[in-house]
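Okay, so here's the structure we're looking at.
Only a predicted model underlies this, so the values are computations on that prediction, with no experimental measurement involved. Quick note: numbers below take in every heavy atom, side chains included, and nothing from hydrogens, waters or symmetry partners. Both counts, for ligands and for their atoms, begin at 1 and track the order of listing.
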Amino acid sequence: MTILEKVTALLGEGAVLEAGTDRVPRVAPGSPDAIALLLGTAHQEGWRVRIEGAGTWLQSDAPADLALTTRRLDRIPAIEPSDLTATAEAGIGLDQLRQQLADRGAWLAIDPPGLAGRTLGSVVSTATAGPLRHGFGPIKDHLLGVTFVTGDGRMVQSGGRVMKNVAGYDLTRLQAGGFGAFGVIVLVHLRLRTLPRADVTYVLEGAREDLTQVGEDIAAAGLTPAALELVSPALARRERWVLAVRLAGSPALVAADEAGLGAASGGGRFAPLRAEEAHAFWMRLA
Ligand SMILES: Cc1cc2nc3c(=O)[nH]c(=O)nc-3n(C[C@H](O)[C@H](O)[C@H](O)COP(=O)(O)OP(=O)(O)OC[C@H]3O[C@@H](n4cnc5c(N)ncnc54)[C@H](O)[C@@H]3O)c2cc1C
């Protein structure tokens, strides 16, 4: 029996996808239990397995007998806007998750790079954060817990769905940036924030040294921007350097920070970006 025949017998035909350009067979288990079954069998049989989310990033050059993709793990078992928590399967696209959270008035305050279909599991696994890291911390700060399957097929739950957790080894933080070394992430328990009712981006153009000083003044004034970046002319697609400030939160908080921004601007004038412009700008920076 070939590996694919064994996998088909184990998980059904629906789990076997067409091989990619690398010709490595691609398997898409439909549940965390199916992943545990597959990895347990792979361990016994000595198959080498590569982990993939949506497969949008670099191909691994490590030799593999099959690629395990999480793309069928795309459910969101729980969104609790009142607790500001959610549990999502690792293969869900980040933008799809973001939309469903927004529909419930909740926000996952991360803006990692990558294409729209990039998966939640890959973002945790690579710990890729974007400019919102300034205001809301690295990826690990957004995790309450992670459920993963080890290379020999054991399901491990670390952390949980609530803010308070039992003491012990913090395997959740180990998974953030672990690149799958500790197993395949199957479920992620997330810490959310209320969807900001005000979200504005201001930019100030000038010489790099002057803008650096303004950035320091903003920090010294105790303002709390969601993102604060000094951007080169090439990246900003402007004539000069740009200091970009994103304010997000309640209208009252944002209004207070806007007033503080004027005072810290060193005589320059911050200009607001239109919502679409701001979105494209921050995506480019991520
Ligand atoms: C150093 C670096 C450079 C990058 N360069 C680019 C770039 O040039 N272009 C670009 O578009 N994006 C780049 N990215 C970001 C990339 O788009 C993100 O990692 C994105 O989240 C990938 O989404 P995906 O679902 O397609 O993941 P994939 O490309 O399928 O996987 C990305 C990595 O995550 C691991 N992984 C995925 N899911 C899981 C899981 N459930 N459990 C454990 N491990 C998992 C994979 O093994 C792989 O190492 C880069 C990221 C990093 C860290």
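Under 3.5 Å, the side chains of D152 and T150 contain a donor-acceptor pair of N or O atoms. Between the side chains of W107 and T194, no donor N or O sits under 3.5 Å from an acceptor N or O.
Of all the atoms in ligand 1, the ones that sit under 4.0 Å from a non-hydrogen atom of S125 are 34 (O), 35 (C), 36 (N), 43 (C), 44 (N), 45 (C). Counting atoms of ligand 1 from 1 in the listed order, those under 4.0 Å from a heavy atom of G180 are 43 (C), 44 (N). Under a 4.0 Å criterion applied to the non-hydrogen atoms of V184, ligand 1 contributes the atoms 42 (N). Ligand 1 places these atoms under 4.0 Å from at least one heavy atom of T56: 22 (C), 23 (O), 24 (P), 26 (O), 29 (O). Listed by number with element, the atoms of ligand 1 under 4.0 Å from a non-hydrogen atom of T128 are 51 (C), 52 (C), 53 (C). Distances below 4.0 Å separate heavy atoms of T126 from the following atoms of ligand 1: 19 (O), 33 (C), 34 (O), 53 (C). Atom numbering of ligand 1 starts at 1 in the shown order; those under 4.0 Å from a heavy atom of T70 are 41 (N). Short contacts between ligand 1 and G183, defined as distances under 4.0 Å to a heavy atom of the residue, involve ligand atoms 43 (C).
Among S122, G114, A90, the residue whose heavy atom lies nearest to atom 20 (C) of ligand 1 is S122.
Inclusion of F179 in the set of residues having an N or O under 3.5 Å from an N or O of ligand 1 is not warranted. Polar contact check, G55 against ligand 1: a nitrogen or oxygen pair lies under 3.5 Å apart. Residue contacts with ligand 1: G53 is placed with a nitrogen or oxygen under 3.5 Å of a nitrogen or oxygen of the ligand (distance criterion only). For ligand 1, none of its N or O atoms has an N or O atom of E52 under 3.5 Å away. Between I51 and ligand 1, at least one N/O pair is under 3.5 Å apart. At under 3.5 Å, a nitrogen or oxygen of W57, whether backbone or side chain, sits near a nitrogen or oxygen of ligand 1. Between R118 and ligand 1, a contact under 3.5 Å exists for no N or O pair.
Counting non-hydrogen atoms of other residues, nucleotides and ligands closer than 6.0 Å to CZ of R284 gives a total above 12.
Both L39 and M155 belong to a single network of hydrophobic side chains, linked directly or stepwise wherever heavy atoms of I, L, V, M, F, W or Y lie under 4.5 Å apart.
For the salt bridge (Lys or Arg N to Asp or Glu O under 4.0 Å) with D65, the qualifying choice from K6, R48, R50 is R48, the only one to do so. Each of R193, R191, R173 was compared with D141 under the salt bridge (Lys or Arg N to Asp or Glu O under 4.0 Å) criterion, and only R173 meets it.
Between D111 and R133 there is no salt bridge, since none of the side-chain N atoms of the basic residue sits less than 4.0 Å from a carboxylate O of the acidic one. For the pair E89 and R72, the salt-bridge criterion is not met [side-chain N within less than 4.0 Å of a carboxylate O].
Looking at R118, its side chain does come within 3.5 Å of a backbone N or O of P113 through a donor-acceptor pair.
Ring geometry, F179 versus W57: the interplanar angle falls from 30° to 60°, so the pair is classed tilted.
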